[in-house]
Participant: 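Okay, handing you the structure first.
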Amino acid sequence: MELTTLARTGPSAGNLRRAPHTSGYRSGRVLLGLDARHPVGNTIDVAFESARARGALLHVVHAWSLPPGAAEWPFGVPEKDRATWEDHEVQLLADALRPWHEKYPDVPVLQDVLLLSPVRALLHHCGSAALVVVSGGPGPECGEVMRALLRGAECPVTVVPTPAASN
């Protein structure tokens with residue numbers, strides 16, 4: 001599998017260069033953007049391997065949103081409902097990562113479930129990252145996330161092709 005890691009070389013998103021996959025531009029955590037509803041195994045492998053090679057914390061971010069229509073409820077979303085939905089998202093992320101915790105017991109992992117868009121969640125945390133890892137799958141949301149990271153991330157971004165994207 002060929003990985004593409006890009007690093008900005010100047011202030012504009014147009015100044016990009018290929019970066020070595022394991023390059024250490026700064027010490028810090030490896031940030032993995034993961035959709036826990038549709039986890040991509042090869043992307044998770046790359047993130048765990050990168051964190052292990054760097055001796056770094058793996059910070060896994062799963063962004064979620066309220067169910068359709070919930071934001072328009074006349075009196076807002078009750079805290080109990082929001083908490084129940086968030087607990088479900090936390091469980092989805094834990095379930096998605098369980099096989100990799102067993103495969104990589106030496107990699108410390110911070111699981112983060114955020115009620116934000118994927119773009120905002122990743123940009124919020126990429127400032128402390130040495131590397132950001134995301135899937136390069138089909139779909140408009142994936143392209144939006146990659147474009148935003150390439151514009152806003154100060155560290156290299158590894159885009160891992162998904163099986164559908166690599167055909």
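In this text the structure is predicted, and so the values were computed from the model without any measurement.
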Participant: Does one hydrophobic cluster hold both Val40 and Leu131, with members joined at side-chain heavy-atom distances below 4.5 Å?
Facilitator: no

Participant: Assigning hydrophobic clusters by single linkage (Ile, Leu, Val, Met, Phe, Trp, Tyr; side-chain heavy-atom cutoff under 4.5 Å), is Val30 placed with Val109?
Facilitator: yes

Participant: So, for Trp64 and Arg82, which heavy atoms are closest and what is the spacing to 0.1 Å?
Facilitator: CH2-O, 4.0 Å

Participant: Taking all heavy atoms of Ala153 and all of Cys126, pick out the closest pair and write down the distance.
Facilitator: CA-SG, 3.8 Å

Participant: Quick check: closest heavy atoms across Val132 and Ala129, and the distance to 0.1 Å?
Facilitator: CG2-CB, 4.4 Å

Participant: Could you go through the side chain to side chain contact (heavy atoms under 4.5 Å, CB included) check for Val61 and His124 one step at a time?
Facilitator: CA-CA 10 Å; Val61 171; His124 178 75; over 6 Å; no

Participant: Tell me the closest heavy-atom pair linking Ala130 and Cys155, and the distance in Å.
Facilitator: O-CB, 3.6 Å

Participant: Would Leu92 end up clustered with Leu97 when hydrophobic side chains under 4.5 Å apart are linked, directly or stepwise?
Facilitator: no

Participant: The test is salt bridge (charged side-chain N to carboxylate O under 4.0 Å, His left out); show your working for Glu49 and Arg52 and say whether it passes.
Facilitator: CA-CA 5 Å; Glu49 284 290 339; Arg52 182 169 65 181; 2.8 Å; yes

Participant: Using side chain to side chain donor-acceptor pair (under 3.5 Å) as the criterion, list what pairs up with Asp95, not counting sequence neighbours.
Facilitator: Gln91, Arg98

Participant: Please assess Met146 against Val157 for the test side chain to side chain contact (heavy atoms under 4.5 Å, CB included), listing each intermediate value before the final yes or no.
Facilitator: CA-CA 8 Å; Met146 284 189 287; Val157 176; 6.0 Å; no

Participant: Give a yes or no on whether the backbone of Leu93 and the side-chain of His62 come within a donor-acceptor separation of less than 3.5 Å.
Facilitator: no

Participant: Any side-chain heavy-atom pair from Tyr104 and Asp45 closer than 4.5 angstrom?
Facilitator: yes

Participant: Cut-off 3.5 Å, no hydrogens considered: what does the side-chain donor-acceptor table look like for residues 112-123, sequence neighbours left out?
Facilitator:
unit_1 : atom_1 : unit_2 : atom_2 : d
Asp112 : OD2    : His59  : NE2    : 2.9
Asp112 : OD2    : His125 : NE2    : 3.2
Ser117 : OG     : Arg120 : N      : 3.1

Participant: Is it the case that one hydrophobic cluster holds both Trp100 and Val90, taking links as side-chain heavy atoms less than 4.5 Å apart, direct or via other members?
Facilitator: yes

Participant: Between Arg37 and Glu89, does the side chain to side chain contact (heavy atoms under 4.5 Å, CB included) criterion hold? Intermediate values first, please.
Facilitator: CA-CA 9 Å; Arg37 294 179 183 282; Glu89 299 297 325; 2.3 Å; yes

Participant: Under the rule for side chain to side chain donor-acceptor pair (under 3.5 Å), what residues qualify as partners of His88, not counting sequence neighbours?
Facilitator: none

Participant: Same hydrophobic cluster for Leu57 and Ile44, using side-chain heavy-atom links shorter than 4.5 Å among ILVMFWY?
Facilitator: no

